[in-house]
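Structure record follows, encoded as structure tokens.
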Amino acid sequence: MAIAVSAPVQTAPTARRGEFLRSMPLKAKIGGGILAVFVLIAIIGPAIAPYDPSAISATQSVALPPNLHHLLGTAVDGGDIFSQLLVSIRGTVVLGVLTATFAALLSVGFGVTAGFLGGVADEGLSLVMNVFLILPALPLLIIVLGFLPHTGQLPTAFVLSILGWAWGARVIRAQTLTLRGRDFVAAARETGEPTWRLVVFEVLPNEISLIAANFVGTFLYAILTSVALAFIGVANLSNWSLGVMLYWAQNSTAINIGAWWWYLPPGLAVAILGMSLVLLNFGLDELGNPRLRRSTKSRRRARGAKAWRPTDATPVKRLEVAP
Amino acid sequence: MRFITRRLAFYVVAAWTAITINFAIPHLLPSNPVEVMMARHPEFPPSARRALEIQFGLGHQGSLLHQYGVYLDHLLHGNLGISVLNYPASVVTVLNNTVPWTILLVGSATIISFVIGTLLGIFAGWRRGGWFDKALPAFTFVQAIPYFFLAELALVLFSSDLHIFPSYGGYQLGDTIGFNGTFIASALSHSILPALTIIVTSMAGWMLQMRNVMITTIGEDFVLAAQAKGLSTRRIMFTYAARNAILPNIAGFALAIGFVIAGALVMEIVFSYPGVGYQLFQAVTNDDFPVMQGIFLAISATVLVCCLLADVVYVLADPRVRTRAAY
């Protein structure tokens, strides 16, 4: 907020689809591949789950390690971990997609409006963005979701996105500011295009990769936050999700009794899903900003540049400095 | 000075927003501490309901605007209401017992992680392409792993299996709280594991940012000029390059502190550390809404004060913002 954001400027996207896919950076391919597996599980998981995830055994009172009947073992109450994992991935992925979609709509709306209108409107909207950015999200989420009894997916996603849109809006606003003054926008304005056409057909197409990167970032935020919330019990614990799985594992002291097959799968699933999103975001960054992928050297330099900070370094020509 | 005035105005607006949200939540969402109290204490006669309603400031006296005025008035006088869980203790008492723990733990851990992360970032950026710089992508993955999961694993490894650190609480039960050797020693040994987890998980952010800005700064002409003058490497590295590269890290501090605090809250729950996070957890599990709201206000205030401090440091560190009105 003290430093103005200078967003990368991108070139027009390449024409043919096949070429486009092949030109994807390796990181984006790996990240996208892993993410695709998770989305596939989210779609077919509940159908291929061998057991009902909530089914409990009346006779069982110990957590069984993995065996032929239960690929990932069971919980203390006899619930099948593999089935729980398959169903939980759907819950978490759906929540992430919902939150990222809501938040993307909010950030594009606020960011483009503020950047394109400028003046007093920009001042006011930027103020709103900065306030939402500085409010501590997690305690507020805990309170709001704590007040809402038995929250379902939709209200949770809604609250998460209301507290998670501001960062994207700031980045998109900065990009809109630079685009607004470009010649092609001025040319379109001269031909008498109405403002909404300028925004939708001239500005927005040039922000697609930024919006996509922002979508992926919010996805990651939604997953990590919702898992943390569920872990401390602020969620509807009868709806399976990876955080709810971790909650039950923690609640039954799975770690202390050494039931690794219980707490490791959901934890690793969150970590791998999160990792795929980080990779995808780095890849999207390189895709959107050609300067980052001119050579392997500059690619190495760009690694890690796509964080959530307002101060990403713009790669410049390297000057050899003798250390 | 213009910069600081602008920022101050912004923080006033942000504080007002937090206070108003805090007021609005119980009015917008279904909740009732009186019902919770009546359910918790079956021995209360039905006539106690009215007394509790008055005590918790419910009962819907007057218009919404009037209630808002009363709420602001109470806030000004440091009255945040009464805890349901620790009835009849006030929320302020509860906060007084928990906030110091969190500030000591999270504050020192954040400063340590900022210093170490920035230093490592300086070295990684200086020797770009070196072995340490090549290992950096591994650190980005730390950001994708749920921090409480890492904390749990650390807890099992270091306290349950190896018995190096205690696994529960902030001090040995039975010790008297105060400035005596036993208490300080036990508080220290209880805080090492939570602090280490916070440091490990939050360090990567500072480090990556510092490295990226370092690389850009090293390419600047004034660094080349300093080398041409024949200054020592250490002097160029710290006084010329890092001195300028650290500015975005200070500016980013304001944004990062919220994330660090959020992570620390959950961390406290994992370690059952007697701070704000653990108290918030207990408040949530016991429907103690007044304490939840008080904690939200306390955390918001802390974040705002931290950001203001970061701004002051920024003004001291960067003479340009003192003269440039644009900021």
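The structure displayed is predicted, hence computed values, not measured ones. Each chain gets a letter, A, B and so on, in the order the sequences are listed, and its residues count up from 1.
B:F296 is not listed as a side-chain neighbour of A:I142, based on a closest heavy-atom distance of 4.5 Å or more. Put simply, the side chain of B:I299 does not reach to within 4.5 Å of the side chain of A:L138, judged on heavy atoms. Residues A:V270 and B:F149 fail the side-chain proximity criterion, which asks for heavy atoms closer than 4.5 Å.
The CZ atom of B:F10 sits 4.5 Å away from the CG atom of A:N130 when rounded to the nearest 0.5 Å.
In this structure, the portions of A:L264 lying under 4.5 Å from any heavy atom of chain B include both its backbone and its side chain. Only the side chain of B:L304 has a heavy atom closer than 4.5 Å to any heavy atom of chain A. At a 4.5 Å heavy-atom cutoff, the contact between A:Y263 and chain B is made by backbone and side-chain atoms alike. With a threshold of 4.5 angstrom between heavy atoms, B:I21 approaches chain A through side-chain atoms but not through N, CA, C or O. The parts of A:L140 that come within reach of chain B are both its backbone and its side chain, each placing non-hydrogen atoms under 4.5 angstrom from that chain.
Of all the listed residues (A:P139, A:G274, A:S276, A:A137), the one sharing the greatest number of non-hydrogen pairs under 4.5 Å with chain B is A:P139. In terms of heavy-atom pairs under 4.5 Å with chain B, the best-connected choice from A:P136, A:P266, A:G243 is A:P136. Ranked by heavy-atom pairs under 4.5 Å with chain B, the list A:L268, A:I272, A:L273, A:L135 is led by A:L135.
The nearest pair of heavy atoms linking A:I232 to B:F281 is O-CE1, 3.1 Å. Nearest heavy atoms, B:A14 versus A:V131: CA-CG2, 4.1 Å.
Residues that satisfy the ring pair (Phe, Tyr, Trp, His ring centres under 6.0 Å) test with B:F23, not counting sequence neighbours, are B:H27, B:Y68, B:Y71.
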